[in-house]
S.K.: 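Handing you this structure, nothing more for now.
Below, all heavy atoms of this structure are taken into account, side chains as well, without hydrogens, waters or symmetry copies.
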Amino acid sequence: MANFYTEHPELRYHLNNPMMERICELKERNYRDKEEYDYAPQDYADAIDSYDKVLEITGEITGEIIALNAEGVDAEGPHCANGRVEYASGTKQNLDAMVKAGLNGMTMPRRFGGLNFPITPYTMCAEIVAAADAGFGNIWSLQDCIETLYEFGNEDQHSRFIPRICAGETMSMDLTEPDAGSDLQSVMLKATYDETNNCWRLNGVKRFITNGDADLHLVLARSEEGTRDGRGLSMFIYDKRDGGVNVRRIENKLGIHGSPTCELVYKNARAELCGDRKLGLIKYVMALMNGARLGIAAQSVGLSQAAYNEALAYAKDRKQFGKAIIEFPAVYNMLSTIKAKLDAGRALLYQTARYVDIYKALDDIARERKLTPEERQEQKKYAKLADAFTPLAKGMNSEYANQNAYDCIQVHGGSGFMLEYACQRIYRDARITSIYEGTTQLQTVAAIRYVTNGAYLATLRDYEQVPCSEEMKPILEQIKAMTDKFEACTNVIKESQNQELHDFMARRLYEMAAVCIMSHLIIQDATRAPEMFAASAKQYVRYAEAEVEKHNAFIRNFNKEELSEYRK
């Protein structure tokens, strides 16, 4: 039987990272739930065993049901009739299997019917599902919108809505509008207070809404009349049971066909405020988007894994000139690069998830009691690291998913262009990952302050002090030299005091920081598990070194007077 978890031991390796002990201690509040729930873990070993078992169940469902349905779902897609969405038949089977296995509301507290999982093992489940069908991954993983409701909603909202998600209901986040894509402060969906019925009413149109006919929606709307910017926006909860929202159409997309991307029409729809007025964009959506960006990073890693699986299997099977094509240097070089990007990107994904886990757990504890000075310092440290690493994890992994899917087709040659092979679906599905939940260009905007304020450089210098194996020591020296070039290039741009040049070079500096960080993470993995990661570490650092040198040469040799030539 196929199992998308046990077949990839790299996942179990990341589950057993040393940081997980602290994460479990915080998430489980020193394992206090064992007194009330017989299925709550007794200690750290028990917690990890619980995560491992759930991951194995997820891997089995993914391998035996979701993967087998993927091509059929891609061909059939969802349908829209009478303002409602009808999922593809395979999608319904997938959802039924996940709900029956209890794989919903995974990160929510047990008192609401959740599993109280940290973000890290939940993110692994999201990766596993996406490796089989990225479109279904969108529907299932949008359950993590409940994190925002849990963080900012009130106790009454918690008690009414969270158990429904844990029981298997679906969610969406309704942000984008026809005239407000990346520029969310331009959102104009109108929210007005209905004094008679003691509720809010929503009117307007939302577009490009993933899983737009979900049971519960988090909606960004303009609550402050006369405003035109982000300060007039609030977050609302819309319950499909109340009616008032219809699906005008499902978009006809290049990929992720199983996931309905909807245009929604709000007509006096009843809703309730989540959190405080005016904080919808500047606080709540930022938290929502950071969670979603980690989810897209996981989806991207899953797609990279799928691309590698397909390319490797085909290269072993396909024979040309009397031997399997995997024996040709041009092919095995391509395969090793796909695997290196996959392993490095996955290392970045789970390092980010662990940072998120620690600061979110401490945030949650702060709602129960005052944090100690040491805990406040820990919370501040990991919140900053999570904020800095999230745009790297999302941006770089989505780019790698596209590159790896491209190379997967190339390994297949002419067969890769035929619809009979899964690589063409992977290629189409991957394309959206560098666009939605903030394009790679917007991830650069989110990350660049950590370049210029020295945060990434400080992290890189800290990583240089992490012990590594003898085999990895020469590679560590290569990474130090790469970091020196990154530092020098950053200084060149800062010293220019030219904002246009700063913005023009931001993507190059972003990528230099990212590949240096991933290089460190992959040699740390190769030190702990050389049998899994040594080959990838060597290949990835060779690749990263070339990328750094490319950007270094461009930045150091660029004349700012040439900027005018690019504006034409």
Side-chain angles (χ1 to χ4, degrees), residues 66-67 69-80 85-88 90-91 94 126-127 129-142 172-173 175-178 181-182 206-213 247-264 292-293 295-311 338 394-412 414-443:
I66 298 170
N69 284 334
E71 295 300 326
V73 169
D74 182 63
E76 180 186 348
H79 314 282
C80 181
V85 168
E86 180 84 8
Y87 290 131
T91 302
N94 297 343
E127 179 200 323
V129 171
D133 183 349
F136 176 71
N138 278 349
I139 298 170
W140 178 78
S141 67
L142 272 167
S172 73
M173 50 181 179
L175 309 179
T176 307
E177 296 180 7
S182 297
K206 290 288 184 182
R207 192 182 182 202
F208 294 159
I209 305 306
T210 301
N211 201 35
D213 199 25
V247 179
R248 178 182 284 170
R249 65 179 178 137
I250 297 174
E251 303 289 348
N252 187 19
K253 307 188 299 291
L254 175 69
I256 53 168
H257 287 167
S259 169
T261 303
C262 304
E263 185 168 306
L264 305 178
R293 285 168 178 172
I296 303 307
Q299 183 183 56
S300 299
V301 172
L303 283 161
S304 284
Q305 181 69 67
Y308 179 67
N309 292 348
E310 293 295 324
I338 295 172
K394 194 277 182 184
M396 295 304 295
N397 274 304
S398 63
E399 293 293 330
Y400 284 173
N402 277 275
Q403 294 165 19
N404 290 338
Y406 179 99
D407 284 346
C408 176
I409 286 182
Q410 195 70 16
V411 169
H412 281 69
S415 296
F417 203 65
M418 302 299 124
L419 295 182
E420 289 89 339
Y421 287 85
C423 56
Q424 53 78 29
R425 173 176 55 84
I426 295 164
Y427 183 74
R428 289 185 287 105
D429 288 353
R431 189 62 192 89
I432 189 60
T433 61
S434 58
I435 298 172
Y436 61 8
E437 310 307 342
T439 63
T440 306
Q441 288 72 24
L442 283 178
Q443 303 311 307

S.K.: Among T210, V85, N138, whose side-chain contact (heavy atoms from CB on, under 4.5 Å) with P260 holds?
M.R.: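 That would be V85.
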S.K.: Are E177 and K206 within salt-bridge range, i.e. N to O under 4.0 Å?
M.R.: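 Counted as a salt bridge, because a side-chain N and a carboxylate O are separated by less than 4.0 Å.
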S.K.: For A311 and V411, which heavy atoms make the closest approach, and how far apart are they?
M.R.: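 Shortest heavy-atom contact: O-CG1, 3.6 Å.
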S.K.: To the nearest 0.5 Å, what is the distance between CG (N402) and CG (N397)?
M.R.: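 If we round to the nearest 0.5 Å, N402:CG and N397:CG are 11.5 Å apart.
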S.K.: Answer whether the closest heavy-atom distance between the side chains of Y308 and N404 falls below 4.5 Å.
M.R.: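 Of all side-chain heavy-atom pairs linking N404 with Y308, none is under 4.5 Å.
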S.K.: For the atom pair CZ (R431) and CD1 (I256), what is the distance rounded to the nearest 0.5 Å?
M.R.: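 Answer rounded to 0.5 Å: 12.0 Å.
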S.K.: Quick one: closest heavy-atom pair of A132 and A70, and the distance?
M.R.: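 Of all heavy-atom pairs spanning A132 and A70, the closest is O-CB, 3.5 Å.
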S.K.: Quick one: pull up CG in D133 and CD1 in I426 and give me the separation to the nearest 0.5 Å.
M.R.: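 The CG atom of D133 sits 10.5 Å away from the CD1 atom of I426.
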S.K.: Between E251 and F208, is there a donor-acceptor pair closer than 3.5 Å when you use the side chain of the first and the backbone of the second?
M.R.: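 Side chain of E251 to backbone of F208, a donor-acceptor pair under 3.5 Å: no, none is there.
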S.K.: Return the minimal non-hydrogen interatomic distance between A401 and S304, and the atom names on each side.
M.R.: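 Scanning both residues, the minimum pair turns out to be CA-OG, 3.4 Å.
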S.K.: How long is the straight-line distance from CD of E310 back to CD1 of I338, given to the nearest 0.5 Å?
M.R.: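 Result: 11.0 Å between the selected atoms.
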S.K.: Do the non-hydrogen side-chain atoms of T261 and I209 ever get within less than 4.5 Å of each other?
M.R.: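 The answer is no, as the side chains (C-beta and beyond) never meet within the 4.5 Å cut-off.
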S.K.: Are V73 and H257 packed together at the side-chain level, in the sense that at least one heavy-atom pair is separated by less than 4.5 angstrom?
M.R.: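 The answer is no; the side chains never approach within 4.5 Å.
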S.K.: Evaluate the ring planes of Y421 and H412, with Trp represented by its six-membered ring, and classify them as parallel (under 30°), tilted (30 to 60°) or perpendicular (over 60°).
M.R.: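 Perpendicular.
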S.K.: Which pair of heavy atoms, one from A292 and one from M173, lies closest together, and at what distance?
M.R.: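 Answer, listing the atom of A292 first, then M173: CB-CE, 3.4 Å.
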S.K.: What is the distance from atom CD of Q424 to atom CD of E71, rounded to the nearest 0.5 Å?
M.R.: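 Taking CD in Q424 and CD in E71, the distance rounds to 6.5 Å.
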S.K.: D407 and Q403: side-chain donor and acceptor closer than 3.5 Å?
M.R.: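 No - no donor-acceptor pair under 3.5 Å links their side chains.
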S.K.: Under a 3.5 Å cutoff, is there a donor and acceptor pairing between the side chains of Y87 and N211?
M.R.: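 Present: a donor and an acceptor within the cut-off.
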S.K.: Under 4.5 Å between any side-chain heavy atoms of S398 and T440, yes or no?
M.R.: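 In short, these two side chains touch, coming nearer than 4.5 Å.
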S.K.: List for me each residue that meets salt bridge (Lys or Arg N to Asp or Glu O under 4.0 Å) alongside R248, sequence neighbours excluded, and say none if there are none.
M.R.: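 Result, salt bridge (Lys or Arg N to Asp or Glu O under 4.0 Å) vs R248: E263.
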S.K.: Taking the side chain as every heavy atom from C-beta outward, state whether T439 and L442 have any pair of such atoms under 4.5 Å apart.
M.R.: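 Yes, close enough: below the 4.5 Å cut-off.
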S.K.: Could you give the distance from CD (Q410) to SG (C423), rounded to the nearest 0.5 Å?
M.R.: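 Rounded to the nearest 0.5 Å, the CD-SG separation comes to 10.5 Å.
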S.K.: Which atom names give the shortest non-hydrogen contact between G77 and A88, and what distance separates them?
M.R.: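 Minimum heavy-atom contact is O-CB, 3.5 Å.
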S.K.: Backbone N or O of G255 within a donor-acceptor pair of the D429 side chain at under 3.5 Å?
M.R.: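 No, the answer is negative, given that no donor and acceptor are paired below the 3.5 Å cut-off.
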S.K.: Please enumerate all residues that pass side chain to side chain donor-acceptor pair (under 3.5 Å) together with S415, with sequence neighbours excluded.
M.R.: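 S415 satisfies side chain to side chain donor-acceptor pair (under 3.5 Å) with Y314 once adjacent residues are dropped.
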S.K.: Search all heavy atoms of Y436 against all heavy atoms of K394 and return the closest pair with its distance.
M.R.: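 That would be O-NZ, 2.8 Å.
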S.K.: Tell me if a side-chain donor or acceptor on R428 pairs with a main-chain N or O of L254 at a distance below 3.5 Å.
M.R.: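 It does hold such a pair.
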